Amino acid sequence: MKRFLNFLFSSVVVLVSICVIAALIGIFAMLIHESLPALKKIGWEFIASGAWYPTYEDAEFGMLYMILDSLILVGLTSVVVFPMGLGIALYTTEYANRREREIVRSVTELISGIPSVVVGLIGVLLIGPLMLKIGAWTPFNLLNAVVSLTVLTLPYAISLIIESLQSVSRDLREAALALGSSKIRASAMAIRGAKHEMLYALVLIVNRVLGETMVVLMVAGGAVMLPRSLFDPIRPLTAAIASEVGEVELGSLHYSALFLAGAVLLVISAVITVTAETFIRRGKRWLTG
Amino acid sequence: MADRIASSLLKLLTYIVFVISTAVILFPVFKGIRYFNPTFFTEFPSQGMTQGGIFPAIVGSLLLMSLVAVFSVPVGVLIGVFLSEYAKPTWLSALLRTTITTMTSIPSIVYGLFGLAFFCITMGFGTSLLSASFTLSIMTVPFVGGSVSNFLMAVSNDLREAAMAIGADKRETVFMVIRAAKTGILSSTLLGLGRAFGETAPILVTGAVFYATNLPRRLTDPIMTLPTHIYAVVTNFPEDAYWMAYGSAALMVIIIVAIYSIVQWIRRRSS
């Protein structure tokens, strides 16, 4: 009996693990299966053209502008969030006293779980009116999306970067300080020592922004176009999927095209992640000879 | 000298950014908490979301979270056990680790698409509580599993060896390890459910309606939830309905901060 129970438990554990792997395969399979009709019908035009008129009589499904909108948004947000996060993380790990460190750590953690729809609400009702005040012609635009996404991801970025800075051994830093180097030098050493971990943190931040849906759906404006200024509205891939999938006719070409957009999102994220990982691996090989 | 400047600059940056971002995030709480009263929590919305309360959204979120807990916590704990205690065959364990990393990096809207195609259409559950809870569970499992496996691996090997030495078999040993890591498992569960609670896009696609006149009776009925209600009010209703979004957002922020505080408290107590 006891042996049977033992066997039964291990089987359940292994079986459940296999099911989870199967679920991931299922997600990919479903995504490919549903996007194939669009890929066949539209062909490579989906990536070569920016004209996205899915509901017109002569429907067009060019995703180029939406892809570029996503990339522009990710680029701008990372450029804002990463240095801010790095500055705060550096202060927290290198300069702050114990109390400040505790406060930064626990508050960042507490607010890192704020749901994105709440940040979307802040973007619509607090940041939107501010946009009009500073001269934007619409409250919902690229700048609003960048600001809202910064609010959403900054706590996440701070904890990731603090973690990567702490991966540098304390000894190294203390040795540097003992040898009489300034704190700035020691911090610079910490940054250099943790550069791979930090690149990885950046990849996580980029992926988070790329996949973020509610905030961009609510505050980015939703116009399929290339922004000429920060005040122009945009429509990233995630916003297009979320806003259109609710109204689409099931099984139609438009429905399939939205799955294709989902697949494109995954491909972009995979390319970014793999590139960074190759970079990190090569860097490590170079370091160790 | 340069040190002093760098230090004060960073200090200034930290203080300013910190105060602003905290204030911004607490903005809905300040705006919304004044609408908290018995009516707000116990009545259906009425008069185009300008009167009444958010009762059906609260019930919907509660039902959804209970189902997600029932589906995802056992599975999450079991794969955590596999990774930490069995890890054999090695290829399966490596594959499962890769699966978990991949799944945690998939955007939530893609889970929504999958849930729509698989649960709503292929399985025929339609836009429903059931579809939404399955979709959210699939998102939550890898998070809980990865986190649980870390806590189990942190349990000292002495315990496993002592258990084996007194004649416990593998299963009994595993249960002892689980018991030793129970506070860690509890935090993983809370954080996983907290994340699922705030997810909006997947529910929007698989199970939510913006307005319901009665509570869901079956698993295949659609639901109202707090996050989708906030979205609906802010994007589809005029200004005199916004108070309801503020109130709902305040409630959500308070719940999330409470969950994270409990997790911090557990961690501080156990260390």
Side-chain angles (χ1 to χ4, degrees), chain A residues 2 5-6 9-10 12-14 16-18 20-21 23-24 26-27 30-31 34 84 87-88 90-92 95 104 106-107 109-111 113-118 120-122 124-126 151 154-155 182-184 207 210-211 213-214 218 238 241-242 245-246 250 258-259 262 265-266 269 273, chain B residues 2-3 6-7 10-11 13-14 17-18 21-22 24-25 27-28 75 78-79 81-82 86 92 95-96 99 102-103 105-110 113-114 116-118 121 138 141-142 145 169-171 194-195 198 200-201 204-205 227 230-231 234-235 242 245 249 252-253 256-257 259-261 264:
Chain A
K2 225 179 124 185
L5 273 180
N6 201 358
F9 183 69
S10 346
V12 169
V13 168
V14 173
V16 165
S17 305
I18 292 175
V20 172
I21 298 171
L24 177 66
I27 292 172
M30 203 73 193
L31 207 60
E34 299 287 311
M84 269 175 146
I88 295 174
L90 263 185
Y91 181 75
T92 315
Y95 298 94
V104 171
S106 71
V107 173
E109 205 182 306
L110 287 183
I111 62 181
I114 297 300
S116 57
V117 70
V118 172
L121 170 132
I122 295 169
V124 173
L125 301 181
L126 179 71
V151 171
L154 190 62
S182 64
K183 262 201 164 168
I184 303 182
N207 274 331
L210 182 69
T213 309
M214 289 321 288
M218 292 165 85
T238 48
I241 300 173
V245 81
L250 299 178
L258 292 177
F259 279 80
L265 212 55
L266 283 189
S269 145
T273 312
Chain B
D3 248 2
S7 159
L10 284 176
K11 188 172 192 155
L13 170 79
T14 307
V17 171
F18 219 69
S21 62
T22 314
V24 165
I25 278 176
F27 163 76
V75 176
L78 283 176
I79 64 173
V81 164
F82 176 76
Y86 289 85
L92 186 62
L95 192 60
L96 184 59
T99 302
T102 314
M103 282 177 91
S105 72
I106 294 179
S108 59
I109 187 66
V110 174
L113 285 176
F114 169 74
L116 173 70
F118 188 69
I121 299 170
I138 290 191
V141 160
D169 63 15
K170 183 77 188 175
R171 182 182 60 95
R195 270 167 58 122
T200 318
L204 207 57
V205 178
I230 295 174
Y231 171 69
V234 168
T235 53
Y242 286 172
M252 283 194 83
V253 171
I256 291 284
V257 169
I259 290 178
Y260 280 71
S261 309
Q264 278 186 3

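Hydrogens, waters and symmetry mates play no part in the numbers below; they use all other heavy atoms, side chains included. Chain naming here is simple, since letters A, B, ... match the order of the sequence lines and numbering starts at 1 in each. Since we're looking at a predicted model, the values are computed, not measured.
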- With only heavy atoms counted, which part of A:Y95 is less than 4.5 Å from chain B, the side chain, the backbone, both or neither? side chain
- Note on the structure: Looking only at A:L90, A:N207, A:I18, A:V107, the option with the highest number of non-hydrogen pairs under 4.5 Å against chain B is A:V107
- Item | Minimum side-chain heavy-atom gap A:T238-A:M214 below 4.5 Å | no
- Message: Need one label for B:I259: side chain, backbone, both or neither, based on atoms under 4.5 Å from any heavy atom in chain A.
- Response: neither
- Hey, are the side chains of A:E34 and B:L113 touching, using non-hydrogen atoms and a 4.5 Å cut-off? no
- Query: Side chains of B:F82 and A:V16: closer than 4.5 Å at any heavy-atom pair?
  - Reply: no
- Message: Need one label for A:M84: side chain, backbone, both or neither, based on atoms under 4.5 Å from any heavy atom in chain B.
- Response: both
- Item | Expected output: side-chain A:S269 to main-chain A:L265 donor-acceptor under 3.5 Å | no
- Query: Which answer fits A:V20, side chain, backbone, both or neither, if we ask what part of it has an atom under 4.5 Å from a heavy atom of chain B?
  - Reply: both
- Check the pair A:V13, A:F9 against side-chain contact (heavy atoms from CB on, under 4.5 Å), reporting the backbone distance first and the verdict last. CA-CA 6 Å; A:V13 168; A:F9 183 69; 3.9 Å; yes
- Task: Pick one of side chain, backbone, both or neither for A:L210, based on which atoms fall under 4.5 Å of a heavy atom in chain B.
- Result: neither
- Sort out for me which of B:L78, B:I109, B:L13, B:V75 touches chain A most, counting heavy-atom pairs under 4.5 Å. B:I109
- Task: For chain B, find which of A:G26, A:A23, A:S106 contributes the most heavy-atom pairs closer than 4.5 angstrom.
- Result: A:S106
- Query: CG of B:L95 to CD1 of A:I21: how many Å apart, nearest 0.5 Å?
  - Reply: 4.0 Å
- Item | Euclidean distance, A:L5 CG relative to B:R171 CZ, rounded to 0.5 Å | 4.5 Å
- Message: With chain B as the partner, which of A:L266, A:V117, A:I114 has the greatest number of non-hydrogen pairs under 4.5 Å?
- Response: A:V117
- Message: Less than 4.5 Å to any heavy atom of chain A: does that hold for the side chain of B:Y86, its backbone, both, or neither?
- Response: side chain
- Query: Side chain, backbone, both or neither: which part of B:V110 has an atom under 4.5 Å from a heavy atom of chain A?
  - Reply: side chain
- Message: Under the criterion side-chain contact (heavy atoms from CB on, under 4.5 Å), I'd like the reasoning laid out for A:L110 against B:S261: C-alpha separation, chi angles, the key distance, then a yes or no.
- Response: CA-CA 7 Å; A:L110 287 183; B:S261 309; 3.6 Å; yes
- Message: Quick check on B:T235 against chain A: is it the side chain, the backbone, both or neither that has a heavy atom closer than 4.5 Å?
- Response: side chain
- Message: Quick check on A:L154 against chain B: is it the side chain, the backbone, both or neither that has a heavy atom closer than 4.5 Å?
- Response: side chain
- Query: How many angstroms lie between atom CD1 of A:I111 and atom CZ of B:F18, to the nearest 0.5 angstrom?
  - Reply: 6.0 Å
- Heavy-atom distances under 4.5 Å only: say whether B:I138 touches chain A with side chain, backbone, both or neither. side chain
- By ring pair (Phe, Tyr, Trp, His ring centres under 6.0 Å), which residues pair with B:F27, not counting sequence neighbours? B:Y246
- Item | Residue part contacting chain B, namely of A:S10, when any heavy atom lies under 4.5 Å | both
- B:L92, part contacting chain A, at a heavy-atom distance under 4.5 Å: both
- Task: Can you measure from CD1 (A:I122) to OG (A:S116) and round to the nearest 0.5 angstrom?
- Result: 11.0 Å
- Message: Would you compute the distance between atom CG of B:L116 and atom CG of A:L250 and round it to the nearest 0.5 angstrom?
- Response: 6.5 Å
- Item | Residue list, ring pair (Phe, Tyr, Trp, His ring centres under 6.0 Å) with B:F118, at least two apart or on another chain | B:F114
- Message: Less than 4.5 Å to any heavy atom of chain A: does that hold for the side chain of B:I256, its backbone, both, or neither?
- Response: side chain
- Which portion of A:L31 sits near chain B, non-hydrogen atoms under 4.5 angstrom: side chain
- Task: Quick one: which of B:S21, B:S108, B:P28, B:A6 has the most heavy-atom pairs under 4.5 Å with chain A, could you say?
- Result: B:P28
- Against chain B, label A:S17 side chain, backbone, both or neither, depending on which of its atoms sit under 4.5 Å from a heavy atom there. both
- Note on the structure: Cut-off 4.5 Å, heavy atoms of chain A, and the answer for B:V141 is side chain
- Task: Determine the option with the most heavy-atom pairs under 4.5 angstrom with chain B, choosing from A:L125, A:V14, A:V12, A:T92.
- Result: A:L125
